[in-house]
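Just below is one structure, and these are the notes that go with it.
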Amino acid sequence: MKIILLTGKPNTGKTTTFNLLYSALANGIKNPPLKQGIGGKRTRDFECIFQYKGKKVALFSQGDIMYVITGAIIKYSGIVDCLIIAHSRKGRIMDKIRLAVLANKQHCAINKTRNNQNDCSQIIANI
């Protein structure tokens with residue numbers, strides 16, 4: 001399974017980018033997958049699985065807690081070809097996930113910018 005990590009500081013638009021990504025992947029699909037909410041009623045975070053260019057791709061937008069990120073990696077391992085996951089860089093412990101992803105050439109980490117549409121396009125190009 002390939003991991004694509006959208007990594008950035010808290011409140012920089014990662015979930016907004018994930019919603020743009022969902023729309024881009026759903027474009028042209030008659031019955032796109034439903035977004036399954038994650039993390040309670042007060043969050044916009046979600047997960048879902050798409051078929052995209054012959055690959056099974058999971059989106060997982062909640063990336064603020066280390067055990068949630070590792071849980072998602074375990075959950076989708078062996079089920080999907082590509083896991084796109086948010087990652088909030090807030091401290092040395094959280095940064096270990098980013099460093100582990102970067103250490104494996106199969107995976108990639110995309111640094112969050114101010115341009116959500118560009119970040120979305122960069123993720124799609126790496127699927």
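The figures here come from the full heavy-atom set of this structure, side chains too, leaving out hydrogens, waters and symmetry mates.
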Is there side-chain contact between [X] and [Y], with at least one heavy-atom pair below 4.5 Å?
| X | Y | value |
| --- | --- | --- |
| Asp119 | Leu21 | no |
| His107 | Leu5 | no |
| Ile127 | Lys2 | no |

What is the minimum heavy-atom distance between [X] and [Y], and which atoms define it?
| X | Y | result |
| --- | --- | --- |
| Cys120 | Ala24 | SG-CB, 4.2 Å |
| Cys48 | Leu34 | CB-O, 3.5 Å |
| Ile69 | Gly63 | CD1-O, 3.5 Å |
| Thr15 | Ser61 | OG1-O, 4.2 Å |
| Ala58 | Val80 | CB-CG1, 3.9 Å |
| Asn118 | Asn115 | N-OD1, 2.9 Å |

Do [X] and [Y] belong together in a cluster built from hydrophobic side chains that touch within less than 4.5 Å?
| X | Y | answer |
| --- | --- | --- |
| Ile97 | Leu102 | no |
| Met66 | Val68 | yes |
| Val57 | Tyr22 | yes |
| Ile110 | Tyr52 | yes |
| Leu6 | Leu25 | yes |

Separation between [atom1] of [X] and [atom2] of [Y], rounded to the nearest 0.5 Å:
| X | Y | atom1 | atom2 | result |
| --- | --- | --- | --- | --- |
| Ser88 | Ile65 | OG | CD1 | 10.0 Å |
| Ile3 | Gln106 | CD1 | CD | 8.0 Å |
| Ile123 | Ile85 | CD1 | CD1 | 12.0 Å |
| Leu59 | Ile4 | CG | CD1 | 9.5 Å |
| Leu83 | Ile49 | CG | CD1 | 9.5 Å |
| Ile74 | Ile79 | CD1 | CD1 | 11.5 Å |

Are Asp45 and Phe18 close enough, and set up right, to give a side chain to side chain contact (heavy atoms under 4.5 Å, CB included), and what steps lead you there?
CA-CA 9 Å; Asp45 288 316; Phe18 265 78; over 6 Å; no

Can you tell me if Arg98 and Asn111 form a side-chain donor-acceptor pair at under 3.5 Å?
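Checked: Arg98/Asn111 side chains show no N/O donor-acceptor pair below 3.5 Å.
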
Do Lys14 side-chain atoms and Lys9 backbone N/O form a donor-acceptor pair below 3.5 Å?
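Yes; at least one donor-acceptor contact below 3.5 Å.
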
Report yes or no: does Tyr76 contribute a side-chain atom to a donor-acceptor pair with the main-chain N or O of Ile84 at less than 3.5 Å?
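Checking the backbone N and O of Ile84 against the side chain of Tyr76, no donor-acceptor pair under 3.5 Å is found.
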
Count the heavy atoms belonging to other residues, nucleotides or ligands that lie under 6.0 Å from CG of Asn104, then report whether that count exceeds 12.
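Counting neighbours around CG of Asn104, more than 12 heavy atoms of other residues, nucleotides or ligands fall under 6.0 Å, so yes.
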
List the steps and the verdict of side chain to side chain contact (heavy atoms under 4.5 Å, CB included) for Ile73 and Met1.
CA-CA 9 Å; Ile73 292 169; Met1 171 181 77; 4.1 Å; yes

Set out, in order, the CA-CA distance, both residues' side-chain angles and the distance that settles side chain to side chain contact (heavy atoms under 4.5 Å, CB included) for Asn19 and Phe46, then state yes or no.
CA-CA 9 Å; Asn19 280 293; Phe46 67 93; 3.6 Å; yes

